[in-house]
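By convention in this document, chain letters (A, B, ...) are assigned in the order of the sequence lines, proteins followed by strands, and residues within each chain are numbered from 1. It should be emphasised that the depicted structure is a prediction, and the values quoted were computed from it without experimental measurement.
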Amino acid sequence: MPTISIFQQDFAQLLGQPASIPDIEQWLPWVKGELKDVNSDTGEVRVELQDTNRPDLWCVEGIARQIRAVLTGSLTPHSFFSTRGRPKRRIQVMPGIEHVRPYVAACASLGYPMTVEGLAQCIQTQEKLAEAFGRQRETVSIGLYRLSSIAFPVTYGVVKPDEVRFTPLGFEEKMTPQEILTVHPKGLEYGSIVAGYERLPLLWDTDGHVLSFPPIINSRELGEVQIGDTDLLVEVTGTDLSMVILALNIFASNLADRGATIEPIDIVYPYETAMGKTVKTPLDMGNTQRVSFHAIEQALGMALGAEAIQTALTSYGYQVKSTRQSVAVKLPAFRNDLMHVMDVAEDVAITRGYDSFSPIMPQTFTVGALSQQEQTSDQLRDLLVGFGFQEMFSNILASRNELVERMRLGGTEYESLVEVDNVMSQTYACLRPSILPCLLRVEALSPRVFYPHLLFEVGEVARVDKEANVGSRTVLSLAAISAHPGANFSEMHSYLDLLMYYMVWPYDLEPVSHPSFLDGRVGRIRCQGKIIGYIGEFHPEVLESWQIDMPTSGFEIEITIPNA
Amino acid sequence: MSSPNQTDSLHPLEIQVLRALGSASTESLKDPELVQATSLAASQVSMAVGWLLTKQLVHLVSEITTTYVALTDVGIQFQQAESPLEWILHILQASSQDGQATTVKDLQAIGRFQATELSRAFGLLKKEGVLSLGAGGSLHTTGQKSATVEALRQLLNEIHKGSRPLESFSPDQQVLLRQYAVKRGNTQEPFRIDDHTERTYALTPEGRILLPHLREDAGQEISQLTPELLKDGSWRNHSFRKYSIHLRPPRLAVGRRHAYREFLDTVKTKLTSMGFQEMRGELVETEFWDMDALFMPQFHPARAIHDVYFVKEPKHAKRIPEPFLSQVADTHKNGGETGSKGWQYAYDPERAKRLVLRSQGTAVSARTLATNPPIPSKFFSIARCFRYDNVDATHATDFFQVEGIVLGSDINFRTLLGLLKLFATEMAQAKEIRFLPAYFPFTEPSVEMHVRHPKLGWMELGGAGLFRSEVTMPLGVTVPVIAWGLGLDRMAMVALGIQDIRDLFTSDLEAVRNMRRQL
């Protein structure tokens with residue numbers, strides 16, 4: 001979810017009418033935006049945009065455009081998408097680039113003198129589009145240039161890493177692409193995108209001047225846009241043609257909204273693309289889709305009528321053409337998020353306002369029920385509470401040290417765990433296979449808390465199981481411990497015995513050796529032929545490793561649910 | 001607060017202490033004097049004085065702390081036999097007379113003192129020039145006298161007569177005493193230095209007023225009714241001491257449900273009473289059920305390494321059930337049979353098998369959709385979920401999501417709003433609600449619900465929407481489905497008086513025992 005910065009004055013200007021903060025707050029639902037904070041001194045407003053499929057809204061121009069459409073009842077179309085004739089500028093794509101970064105789109109923007117405000121917003125949009133939409137420049141990256149210094153046609157091709165030298169933005173001296181990758185901060189940040197290629201992407205003009213080394217960095221001579229520049233070249237490169245074109249469409253629309261005249265550029269490929277060998281960009285890719293009024297009405301639960309639906313869609317920026325039963329809708333060129341009729345239905349609801357739909361309370365009868373696991377858990381919890389035990393509730397990610405080493409389980413059959421691959425903190429690196437370590441952690445942290453400590457927890461654990469489809473099983477488990485000067489096996493045995501009696505789970509204890517417990521004071525709990533857990537006095541080494549000074553005993557049983 | 005009536009509730013011990021103070025020749029008594037005057041045990045006196053202080057019948061006149069030195073059991077042994085220093089010197093003197101060489105090892109082998117004690121003694125004697133090291137590690141006395149040995153012997157003999165204030169010793173002796181006094185981690189020392197506090201008490205004016213009203217028969221009163229007294233009826237011959245019932249009672253350690261879990265219990269009770277059936281899932285999920293089935297494209301930013309915990313071993317599930325895998329794959333690629341144009345990318349079935357820790361409860365709903373559920377039906381789950389987040393006051397590493405689905409042919413946008421309205425009243429006692437457009441990858445339309453809680457004010461209660469056909473149809477469901485999720489943690493935290501989300505799962509027993517619902 002991108003959060004962007006807009007300025008109230010700039011916004012009002014783009015909107016074409018005054019905009020107070022309460023106004024903005026009231027309008028933001030139309031763009032799924034949320035006001036984050038307002039700086040009343042500078043007029044800066046921070047807005048979070050929810051819709052990850054609407055990159056056109058991640059900028060002040062897009063927000064203003066969408067709100068203006070709803071307020072005025074329609075969208076003013078951008079004329080540059082429908083200009084006829086071949087553009088006067090051309091970018092020639094060279095063979096070889098198709099394996100690295102095959103697509104490019106570009107346009108000229110004339111007659112809008114760049115302001116401080118405009119440049120700041122351009123840079124913000126460039127960043128948001130390349131980072132969030134373009135997956136950290138991998139699929140889409142954007143460059144802006146001073147048009148007047150560029151001699152067309154421009155070439156987009158590949159070069160050897162040390163074949164050319166140019167001065168990158170932020171540096172004084174000329175460097176080869178190879179040097180940029182090893183020295184320049186942007187080269188270090190984004191170099192992985194072109195790593196492993198023998199030849200690297202480059203844009204250069206007919207005089208041989210380098211425009212940029214996409215997606216890494218622009219040249220300083222041609223690619224440093226300054227306040228007051230009136231003519232720009234906007235260029236997008238990437239690996240997905242429709243995303244590349246969409247990003248250019250958004251950028252061109254933004255500049256047009258600020259008053260620029262957009263002139264398309266011909267991209268001439270030596271290979272076939274989904275849009276042909278010569279692609280004039282910006283390009284309206286919008287397909288017309290036919291949706292039935294009935295489908296929209298059914299989805300929204302309201303007989304709105306054809307006219308109301310058409311009006312709503314028009315004011316949200318759609319081009320519509322309707323028959324009696326259905327409407328042919330087309331999205332504006334800066335949007336590409338129409339996948340299903342429901343997307344259209346939602347836009348109708350948003351335009352009309354969610355509050356205009358009266359809720360229908362649930363009418364159908366269904367039987368509510370807890371799962372068998374939950375019912376059994378609750379039964380166990382009630383019993384343990386009645387026995388005088390305090391219920392605990394723990395995080396179930398823990399460290400290997402807590403789950404294995406401190407329990408004296410290292411190097412034993414009990415040491416396998418479900419572990420996290422991309423560990424953020426060793427404290428939360430493994431799923432607990434047992435609840436007892438969580439209860440001992442409580443004991444370790446609570447030596448000064450009024451005794452006795454009778455604790456239990458019922459909850460999920462994950463046990464490694466090679467047979468299982470996901471390599472482990474989620475198991476419901478119950479653990480209880482007792483810590484006080486007289487805590488011992490027989491005390492816990494009494495509690496276990498009573499618990500099993502009330503649950504009607506006949507059980508046997510078998511003498512066994514278990515590293516966590518004292519030999520001769522530990523038993524394996526078998527219930528209906530199945531080993532379900534252990535009971536015992538914790539080994540002094542276990543207590544020492546937790547720095548627990550109090551005798552502690554405990555048990556843990558797996559709760560198996562028949563037919564579950 | 002003092003009145004003659006108060007004497008009824010005085011404990012016999014309190015009466016004895018009051019009498020002792022009242023009849024003393026001096027205004028005040030020190031605690032040893034009180035022990036003597038009442039012929040009670042010191043612990044009884046201090047208990048009674050404690051009670052009397054809270055009742056303001058007695059006040060503390062002065063408190064003098066003196067540091068005393070005494071011999072420990074080890075010290076008594078040293079005094080009666082010999083210290084390690086003396087022992088070493090004796091052995092060496094004896095062996096040199098016999099013309100034998102003695103090494104450190106020989107002395108250790110005798111085993112009378114621990115190796116650490118011996119090495120400290122060697123160190124000191126060498127430093128004082130009393131010992132020298134000869135060929136082959138043999139030890140020799142130099143004939144020099146050890147000042148420490150003599151000073152220690154003098155102190156041992158002196159203190160053996162009885163413990164004495166530390167101040168009564170010379171500064172040099174004090175240094176030595178501290179050096180050879182019991183410390184944490186070293187209990188094998190001859191001296192013990194302790195603080196003794198001597199307190200002096202006197203009657204307050206209220207206590208003095210009470211004096212003539214004290215009961216004479218205090219000793220004959222019964223404090224506890226016993227089975228014997230009941231059996232033989234002899235309780236009739238006794239009077240019962242009256243209690244000071246305003247005193248704080250002793251604490252209990254009792255059995256209790258965890259307060260946060262109890263909060264979730266009321267949530268599940270509410271949901272079942274609304275006709276929802278509980279569903280459960282696994283902690284370890286495949287990306288397929290966690291994300292693919294929810295129509296989140298495999299390139300979705302929230303699926304990156306920085307958002308989800310991946311499982312280390314094994315990395316992939318063995319299989320994803322058909323026909324769901326193919327149907328979901330087709331839907332991602334081109335919409336399949338769903339009437340959608342899909343995400344238009346090359347779906348990777350191997351990626352679908354990648355194992356993660358369940359990142360959203362909606363995964364449980366997706367699995368339920370694939371079980372051919374009855375129509376109409378309602379489901380909920382309270383599922384433990386995991387997010388790759390830095391743990392802080394507002395982010396937990398694992399947490400609970402309350403979410404669910406409603407299936408029915410009558411489902412549409414307005415019944416969705418109706419369900420949310422029901423949640424607002426049932427879960428947050430809210431009458432005012434605002435519905436806002438929202439975005440979730442798996443629902444369209446999507447709603448965010450803000451409610452005005454009577455105590456908390458406006459808050460976001462949850463998000464919901466109609467599952468996209470791209471979610472339901474590949475899983476075999478043809479009716480519309482509401483997907484909803486409630487954000488109840490903020491409510492729980494306020495209810496439990498907690499500011500830090502980590503405290504919901506705290507391992508601090510005191511905090512857990514004190515936690516209670518206040519809302």
Side-chain angles (χ1 to χ4, degrees), chain A residues 29 32 50-51 132 298-302 339-340 342-343 345-346 349-350 354-355 357 359-362 364 366-371 373-374 385-397 418-422 424 428 431 441-442 445-446 449-450 452-453 460 462 469-472 474, chain B residues 251 253-258 260-261 268 272-278 280 282-284 301 305 309-312 314 317-319 339-341 355 376-378 384 388 397-398 408 410 412-415 417-419 421-422 435-439 444-445 447 468-469 505 507-510 512-513:
Chain A
K32 294 188 187 174
Q50 281 200 23
D51 198 330
Q298 199 177 26
L300 298 180
M302 196 133 93
M339 281 192 268
H340 194 270
M342 288 304 261
D343 298 307
E346 185 187 73
I350 291 175
Y354 279 10
D355 288 329
F357 293 85
I360 299 171
M361 298 311 277
T364 35
T366 52
V367 177
L370 291 179
S371 66
Q373 287 99 319
E374 194 64 15
V385 166
F387 293 175
F389 281 70
Q390 167 69 51
E391 181 176 33
M392 298 303 302
F393 210 16
S394 316
N395 281 114
I396 63 178
L397 280 175
V418 177
E419 290 179 71
V420 168
D421 205 2
N422 50 332
M424 170 173 272
Y428 306 110
L431 282 180
R441 186 200 298 136
V442 175
L445 289 174
S446 313
V449 181
F450 186 63
H453 295 174
E460 288 171 319
N469 186 34
V470 297
S472 62
T474 298
Chain B
R251 225 186 134 168
V254 299
R256 211 174 133 252
R257 287 192 175 198
H258 191 281
Y260 176 45
R261 188 124 193 210
K268 78 185 185 208
T272 49
S273 71
M274 284 190 259
F276 285 85
Q277 211 178 319
E278 195 203 4
R280 295 181 81 94
E282 300 254 313
L283 298 171
V284 174
I305 194 96
Y309 277 122
F310 293 91
V311 174
K312 193 170 178 183
K318 295 191 174 83
R319 71 198 89 80
S340 166
K341 66 173 191 163
L355 294 173
S377 53
K378 302 194 193 104
R384 183 90 70 151
Y388 188 87
T397 167
D398 56 89
D410 63 329
N412 58 46
F413 185 58
R414 286 174 65 202
T415 49
L417 298 184
L419 178 77
K421 193 176 163 186
L422 184 67
F435 296 119
L436 294 172
Y439 178 80
E444 193 87 8
V447 195
R468 302 188 67 104
S469 308
F505 297 111
S507 297
D508 175 351
L509 181 57
E510 184 72 19
V512 171
R513 280 180 174 169

Chemist: If you count heavy atoms of other groups shown closer than 6.0 angstrom to NZ of K421(B), is the number above 12?
Modeler: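 Not buried by this count: 12 neighbours or fewer within 6.0 Å.
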Chemist: Are the side chains of T366(A) and Q277(B) in touch, meaning some heavy atoms are under 4.5 Å apart?
Modeler: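 SC-SC contact between T366(A) and Q277(B) ruled out.
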Chemist: Atom OG1 in T415(B), atom CE in M361(A): separation rounded to 0.5 Å?
Modeler: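 Rounded to the nearest 0.5 Å, the OG1-CE separation comes to 11.0 Å.
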Chemist: If you measure from CG on L431(A) to CZ on R384(B), what distance do you get to the nearest 0.5 Å?
Modeler: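 Taking CG in L431(A) and CZ in R384(B), the distance rounds to 10.0 Å.
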Chemist: Is the Y260(B) ring parallel, tilted or perpendicular to the F393(A) ring (thresholds 30°, 60°)?
Modeler: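 Correct class here is tilted.
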Chemist: Whether R261(B) and E391(A) form a salt bridge (side-chain N of Lys/Arg under 4.0 Å from carboxylate O of Asp/Glu) is what I want to check.
Modeler: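 Looking at E391(A) and R261(B), the cut-off is met.
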Chemist: Out of I350(A), T364(A), D343(A), V367(A), which one racks up the most heavy-atom pairs below 4.5 Å with chain B?
Modeler: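 Among I350(A), T364(A), D343(A), V367(A), the one with the most close pairs to chain B is D343(A).
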Chemist: Mind running side chain to side chain contact (heavy atoms under 4.5 Å, CB included) on H340(A) and E444(B) for me, showing each step along the way?
Modeler: CA-CA 9 Å; H340(A) 194 270; E444(B) 193 87 8; over 6 Å; no
Chemist: Measure the OH-OH distance between Y309(B) and Y428(A) for me, rounded to the nearest 0.5 Å.
Modeler: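 These two atoms lie 9.0 Å from each other.
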Chemist: How many angstroms lie between atom CG of N412(B) and atom CE of M302(A), to the nearest 0.5 angstrom?
Modeler: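 So the CG of N412(B) and the CE of M302(A) are separated by 10.0 Å.
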Chemist: So does Y439(B) get a backbone contact from the side chain of D51(A), meaning a donor-acceptor N/O pair under 3.5 Å?
Modeler: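 No; zero donor-acceptor contacts below 3.5 Å.
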Chemist: Would you compute the distance between atom CG of L509(B) and atom NE2 of H453(A) and round it to the nearest 0.5 angstrom?
Modeler: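 Reported to 0.5 Å precision, the distance equals 5.0 Å.
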Chemist: Less than 4.5 Å to any heavy atom of chain A: does that hold for the side chain of R513(B), its backbone, both, or neither?
Modeler: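 Both parts, heavy atoms under 4.5 Å.
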Chemist: Give, as side chain, backbone, both or neither, the part of R257(B) having an atom under 4.5 angstrom from any heavy atom of chain A.
Modeler: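 For R257(B), backbone and side chain are both near chain A.
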Chemist: Using non-hydrogen atoms only, which part of L355(B) is less than 4.5 Å away from chain A: side chain, backbone, both, or neither?
Modeler: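 Contact with chain A: side chain only.
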Chemist: I'd like to verify something: which residue of D355(A), L300(A), L445(A) has the highest number of heavy-atom pairs under 4.5 Å with chain B?
Modeler: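 Heavy-atom pair counts peak at L300(A).
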Chemist: With side chain to side chain contact (heavy atoms under 4.5 Å, CB included) as the criterion, how do R280(B) and E374(A) come out once you've worked through the C-alpha distance, each side chain's angles and the decisive distance to 0.1 Å?
Modeler: CA-CA 9 Å; R280(B) 295 181 81 94; E374(A) 194 64 15; 2.9 Å; yes
Chemist: Within 45° of the six-membered ring axis of F505(B) and under 6.0 Å from that ring's centre, is NZ or CZ of R441(A) located there?
Modeler: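 No, R441(A) does not lie over the aromatic ring of F505(B).
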Chemist: Around atom NZ of K312(B), are there more than 12 heavy atoms from other residues, nucleotides or ligands closer than 6.0 Å?
Modeler: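 At most 12 heavy atoms, drawn from other residues, nucleotides or ligands, come within 6.0 Å of this atom.
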Chemist: Rounded to the nearest 0.5 Å, what separates atom NZ in K268(B) from atom OG in S371(A)?
Modeler: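 OG of S371(A) is found 8.5 Å from NZ of K268(B).
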